[in-house]
Amino acid sequence: MVSLNLPSLLALTSATISLNVVAASIHSRSTKSISSRRSSLSFLPTNFYTRGSFRELRSSRSIYIPTRQFTSHATTNDDNNDTTNDGTTSTTTTKTSQQELLQTLDSKFDYQGRISSKLTTTSTNNTGTTTSIPHRCALLTILGRPNMGKSTLLNALLSDQLAITTNRPQTTRHAILGVLTYDYGQVCLTDTPGIIERTAYRLQEGMMEVVRGAVRDGDVFLVVTDVVSGGKNVGSGGGGGGGRLADARKEEEEEEMEEDPYLGLGEDIVTKLKKYQKPILVCVNKVDLVSDHDNDSSSIYTNTPLEAVQTIQKWRALLPEVFAILPTCAANGPNDAGVVALRSILLANDPNVDVSGAIRALGRPVPGMFCGDRTMIGNDEAREILPIGPPLYGPDFFTDRTDRFCASELIRETLFERLGKELPYCCEVRVESFDESKRYLDEEDGEGGGGSDEKRQRSKSMIRIGAVILVERDSQKGIVVGKGGKQIKEVGMDARKKLQKFFGVKIFLDLRVKVDKNWRNNAEKLKQYGYMS
């Protein structure tokens, strides 16, 4: 319960208009630089990448953080004071619901860039009956150990390539926000780094602080595990060393895998999840790895593999109040039956979404899949996991990450794919220049950009990117550059292809390599690079 004085709140809102106008101007300027890629799913919104400032937008929208109810204390005056029998005066307290408060704010303020409170949405069924559906909005935090497929699942749920993905653990270093907006609600999904119980250096400590912060902020939690490990502990993830030391550590971790009572989440995270008593979903990913239907992805879910059933039962025993535990194969993309079922639960407030139908596509439900004695769930149960509240972001908002950040991540993804086992963990990519002055030449000429590679080569539009790859030692610099510059040239070619596909225009990429000694353990450098606050 939050105590607020309604007149004071209105005054506070008025004072934040200037911040909203600044944020609105940033967002309007970003409209021209957003990606034009559309979602392939008909019921998903048209999502855009924006270059607006997340912090400014979030601070200027502080009163719109989903809060279950506001309490407004009326100002003391002659009309609302009551005199008691002993002659003392008491103040009458009135309660203002969240809906009433937002209606008041909408009626008082109207300016360019302001996000509508969108309290309800009207829906008309086949019989012509009109109903008013309350808008729902939630911050959903994605949690899990390294290399479980969290980023792959985020991309599949959004039907877009937002987060980089590799087959290596600890690829994700930052919290990545992806916003899924539809007519009846908004789901703000936050991908987090893989959970490491024993950190090896300060960079990993900063990454774990990101995870803890996301847990504090979450309204709903999505825990991602895989069917192979079944939630077993695998230690510190990647980047901890090589050779015999790595082999010895691997043997030690394999011995611990069967003994972890918290299935890799750690005691601290599990304790918080139970304490917060917020809705939890569990995704058992990579079911295709234990399926007998190697060549037919649609048959994976016909009969849930035994390993997946065992994993479901383990998580049900650890977190008995989990709303649903679903098998998925996120690598199959947005149309995978498990991904569709999970997305349907998140979009259950939409009357056009059939949650039960999506669940039935997974085959016969197995024991422990749903909370309590349920053998099936529908829209009525699923929609309740998202709190009622106004949207936090506008309908065109997709992510808080800038184009510069996306470019640096795509280059770092290429390093993971091209370099050896441990070297990518020692690398950091900084984009020093991002010249998009010629990004929209084709649009100005009426020719349009993007399209095939051949059309892109003929186009005039382009972005010039200058980036530096930071390593910790001189020997590492030599490996990244390669003999005669061969390695860095190949990295640049692969990265440029990724960037051209992502931005839809020609890319001129200038890559350099520098030594920044021991940057992973340097607190000041980590703050500068955005890993620590």
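Numbering starts at 1 and runs along the sequence shown.
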What residues, two or more places apart in sequence or in another chain, satisfy ring pair (Phe, Tyr, Trp, His ring centres under 6.0 Å) together with His174? Phe405, Tyr531

Residues in ring pair (Phe, Tyr, Trp, His ring centres under 6.0 Å) contact with Phe370, at least two apart in sequence or another chain: none

To check you understand the geometry: which heavy-atom pair defines the closest contact between Trp519 and Arg173, and what is its length? CH2-NH1, 3.7 Å

Minimum heavy-atom distance between Pro320 and Cys371, given as atom pair plus value: O-SG, 3.9 Å

With sequence neighbours left out, write down each residue that passes side-chain hydrogen bond (donor to acceptor under 3.5 Å, both in side chains) with Arg374, or none if nothing qualifies. none

Could I get the full list of side-chain hydrogen bond (donor to acceptor under 3.5 Å, both in side chains) partners for Glu384, not counting sequence neighbours? Arg136

Under the rule for salt bridge (charged side-chain N to carboxylate O under 4.0 Å, His left out), what residues qualify as partners of [X], not counting sequence neighbours?
X	answer
Asp183	none
Asp510	none
Glu472	Arg520
Lys498	Glu413, Glu417

Output all residues satisfying side-chain contact (heavy atoms from CB on, under 4.5 Å) with [X], sequence neighbours left out; order by chain, then residue number.
X	result
Arg496	Met493, Gln500, Ile507
Lys274	Val270, Leu319
Ala341	Leu326, Ala358, Ile359, Leu362

Could you check whether the rings of Tyr393 and Phe397 sit parallel, tilted or perpendicular, using 30° and 60° as the cut-offs? parallel

Can you give me every donor-acceptor pair (side chain of residues 207-216, partner residue at least two apart or in another chain, under 3.5 Å) with its distance?
unit_1, atom_1, unit_2, atom_2, d
Glu209, OE1, Arg212, NE, 3.3
Glu209, OE1, Arg212, NH2, 3.1

Lys/Arg-Asp/Glu bridge criterion (N-O < 4.0 Å) met for Asp260, Arg145: no

